[in-house]
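What follows is a short report on a single structure.
Computed from a prediction, not measured in an experiment: that's the story for all the values here. Naming: A, B, ... by sequence-line order, numbering from 1 per chain.
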2 protein chains.
Amino acid sequence: MRPNHSKVDGVEEDWDKFEDFETYDHFTRDWLAAARRILKPEGSLWVIGSYHNIFRVGATLQNLGFWILNDIIWRKTNPMPNFRGTRFANAHETMIWASRDKDARYRFNYDAMKALNDDLQMRSDWLLPICSGGERLRDEDGRKTHPTQKPESLLYRVLLSSSRPGDTVLDPFFGTGTTGAVAKRLGRNWIGLERDDTYVKAAQARIDAVEEAPDPSVLDTPPKRSAPRIPFGWVVERGLLRPGTSLFDQRRLNRALVRADGTLIGSNARGDHRGSIHQVGAAMAGLPACNGWTFWHYEDGDDLRPIDVLRERIRSEASA
Amino acid sequence: MRPNHSKVDGVEEDWDKFEDFETYDHFTRDWLAAARRILKPEGSLWVIGSYHNIFRVGATLQNLGFWILNDIIWRKTNPMPNFRGTRFANAHETMIWASRDKDARYRFNYDAMKALNDDLQMRSDWLLPICSGGERLRDEDGRKTHPTQKPESLLYRVLLSSSRPGDTVLDPFFGTGTTGAVAKRLGRNWIGLERDDTYVKAAQARIDAVEEAPDPSVLDTPPKRSAPRIPFGWVVERGLLRPGTSLFDQRRLNRALVRADGTLIGSNARGDHRGSIHQVGAAMAGLPACNGWTFWHYEDGDDLRPIDVLRERIRSEASA
DNA sequence: CGACATTGTGAATCCGCAG
DNA sequence: CCTGCGGATTCACAATGTC
């Protein structure tokens with residue numbers, strides 16, 4: 001009961017009840033093993049829970065060979081308070097993101113996540129409101145269709161981070177189809193499993209009403225590293241730097257000459273250095289490795305500019 | 001390696017390594033069972049971990065009969081980034097708070113937690129900086145004494161929430177004694193178990209010095225950013241004002257003492273006054289309301305400084 | 001001495017293609 | 001499946017250095 005003696009409409013469904021830990025662990029192990037069997041190598045698994053169950057789920061995941069990539073905290077802007085003053089307000093839920101195994105090459109749209117976060121790397125804590133208002137599905141009498149409907153914003157971030165348009169997303173506990181609605185919106189294919197007919201009907205109507213993006217290309221947010229690779233030699237070939245030009249590190253401590261084939265010649269106290277732009281930078285700086293594109297600069301008047309801007313000029317043409 | 005090719009000084013200690021899940025599960029079960037055997041009925045257990053281990057710990061807790069009360073998310077203001085752009089930045093750790101069993105009448109200082117949070121119920125996600133600066137223990141060569149030293153502010157909130165002065169706190173993985181230092185500061189008794197002699201020596205010296213801790217530098221005023229709410233209790237929790245400190249109005253007509261939960265005790269001709277910083281200021285000034293942040297001042301040598309400068313220090317971190 | 005710029009660092013299961 | 005190697009990758013804060 002709330003302090004004003006109104007009743008809290010909590011979760012009272014049969015699907016949320018289990019005999020004991022052992023029964024729940026068996027159930028969890030079964031569905032996770034089945035999911036793992038069909039998970040594509042580049043796919044990954046997301047599961048959400050609260051402190052009541054998420055620790056058992058996480059341990060079972062690990063026992064099955066899944067490799068945990070992150071645990072993600074959904075911080076609720078508007079959680080239900082603790083009415084009795086007996087604990088901390090339970091203001092979050094925990095998601096686990098895992099790949100099939102340790103060496104799986106899972107998808108992660110790093111740059112899309114960074115862009116979504118004002119060009120700062122996305123963190124493991126996500127602040128999002130619970131599902132309410134017009135988004136919350138209700139029957140004719142105003143009763144909520146599903147007791148734990150998730151906000152679409154949560155699934156948006158999940159799907160955008162770890163899948164690409166045309167991928168297929170499976171949600172084995174589909175409920176009222178939040179996963180399907182967002183998948184359709186983002187141009188992902190989806191499969192939903194649900195045994196409650198009321199939920200299925202609500203999900204179908206809801207997803208039918210979702211409009212797909214008119215231009216599918218806006219949904220594709222590939223990682224930058226799949227952008228066309230621009231070898232340094234192209235910069236010379238295209239005349240953006242001439243053979244014989246001097247390159248410097250940012251503080252003018254190292255200097256090297258550009259050769260016609262895009263290799264460099266540098267010399268300093270450590271000796272002479274010839275080779276690729278990366279090799280010479282690393283050798284002259286005394287480092288095991290070096291990204292020449294960020295290390296070397298060219299003179300523009302009295303200023304030094306990173307050579308990377310030259311690569312971007314070629315890349316913008318290449319992708320056009 | 002970081003992008004600039006410097007090396008990350010990660011955790012490489014033997015005590016952090018286990019053969020396999022089974023070995024770790026046995027270890028976990030053993031110490032948790034031992035802790036549960038001696039846990040007082042009104043006591044509770046706190047354990048912290050990351051996604052690598054916390055799910056196994058939580059499941060083991062439940063299997064042993066512990067009753068989980070909350071999982072608490074320590075959100076770091078300044079986590080280490082993900083340098084390779086392969087995952088979400090791992091910006092939090094998870095704590096589990098549990099009583100001995102389902103029906104235990106555990107301690108919970110609900111009002112202290114609420115007071116610490118500016119009269120809003122404390123949530124399950126806590127935003128606190130990692131341990132750095134002067135608080136971080138280092139050897140003569142500047143190397144950190146312990147790879148995973150926790151911030152005192154984190155333990156402050158833990159101990160203040162679920163124990164009382166005179167209670168005894170046991171930390172079976174004492175490290176450099178953050179638990180002991182905060183326990184001493186808060187008038188709790190403590191027992192620390194630690195097998196590494198270097199850690200023990202550092203902890204002993206640290207705790208011996210707790211009372212003589214010099215007043216933290218309060219003079220810098222970092223830039224004002226968009227204004228997240230900073231409850232007054234956080235200033236106490238973070239050690240910027242110690243419990244027992246006297247506060248004054250600008251003309252020293254009123255005086256009040258700071259309590260451990262951020263509430264004040266004041267007394268004047270109108271009588272005794274206890275409550276939040278706002279309530280006590282209003283009562284003592286004979287006003288209907290009062291902004292404690294502008295009303296109260298603290299002594300810095302012979303000068304009085306408004307306590308608001310302390311809030312600004314925390315705000316600059318919280319806006320992250 | 002203050003303002004501003006540069007450098008260092010923190011619990012991290014942290015690459016991927018070609019040969 | 002293994003090896004070699006090109007080249008892509010960081011946020012907040014404290015400490016130190018410079019003007």
So what does S50(B) touch, heavy atoms closer than 4.0 Å: a base, only the sugar-phosphate, or nothing? nothing

Nearest to the side chain of M80(B), heavy atoms from C-beta on, is which of dA12(C), dG16(C), dC14(C)? dA12(C)

Look at all strands and tell whether D9(B) reaches a base, only sugar-phosphate, or nothing, counting heavy atoms closer than 4.0 Å. sugar-phosphate

Give one of base, sugar-phosphate or nothing for K150(B), where a contact means two heavy atoms less than 4.0 Å apart. base

Enclosure of R255(A) CZ (heavy-atom neighbours >12, cutoff 6.0 Å): no

Just to be sure I understand the rule, does L69(A) reach a base, reach only the sugar-phosphate, or reach nothing, if contact means heavy atoms closer than 4.0 Å? nothing

Categorize E93(B) for me: base, sugar-phosphate, or nothing, with a 4.0 angstrom heavy-atom threshold over every strand shown. base

Given dC14(C), dA11(C), dA12(C), which nucleotide is nearest the side-chain atoms of R87(B)? dC14(C)

Identify whether any heavy atom of W293(A) sits under 4.0 Å from a base atom; if not, whether one sits that close to sugar-phosphate; answer base, sugar-phosphate or nothing. sugar-phosphate

K144(B) near the nucleic acid: base, sugar-phosphate alone, or nothing, with a heavy-atom cut-off under 4.0 Å? sugar-phosphate

If only side-chain N and O atoms count, and only distance matters, is there a donor-acceptor pair under 3.5 Å linking R123(B) with N70(B)? no

Looking only at side-chain N and O atoms, does R138(B) come under 4.0 Å of OP1 or OP2 in dG8(C)? no

Going by modelled atom types, is there a donor-acceptor pair between the base of dG16(C) and the side chain of R84(B) at under 3.5 Å? no

Among dG6(D), dT9(D), dA12(C), the one nearest P3(B) by side-chain distance: dT9(D)

With sugar-phosphate meaning primed atoms plus P, OP1 and OP2, does N90(B) contact a base, only sugar-phosphate, or nothing at under 4.0 Å between heavy atoms? sugar-phosphate

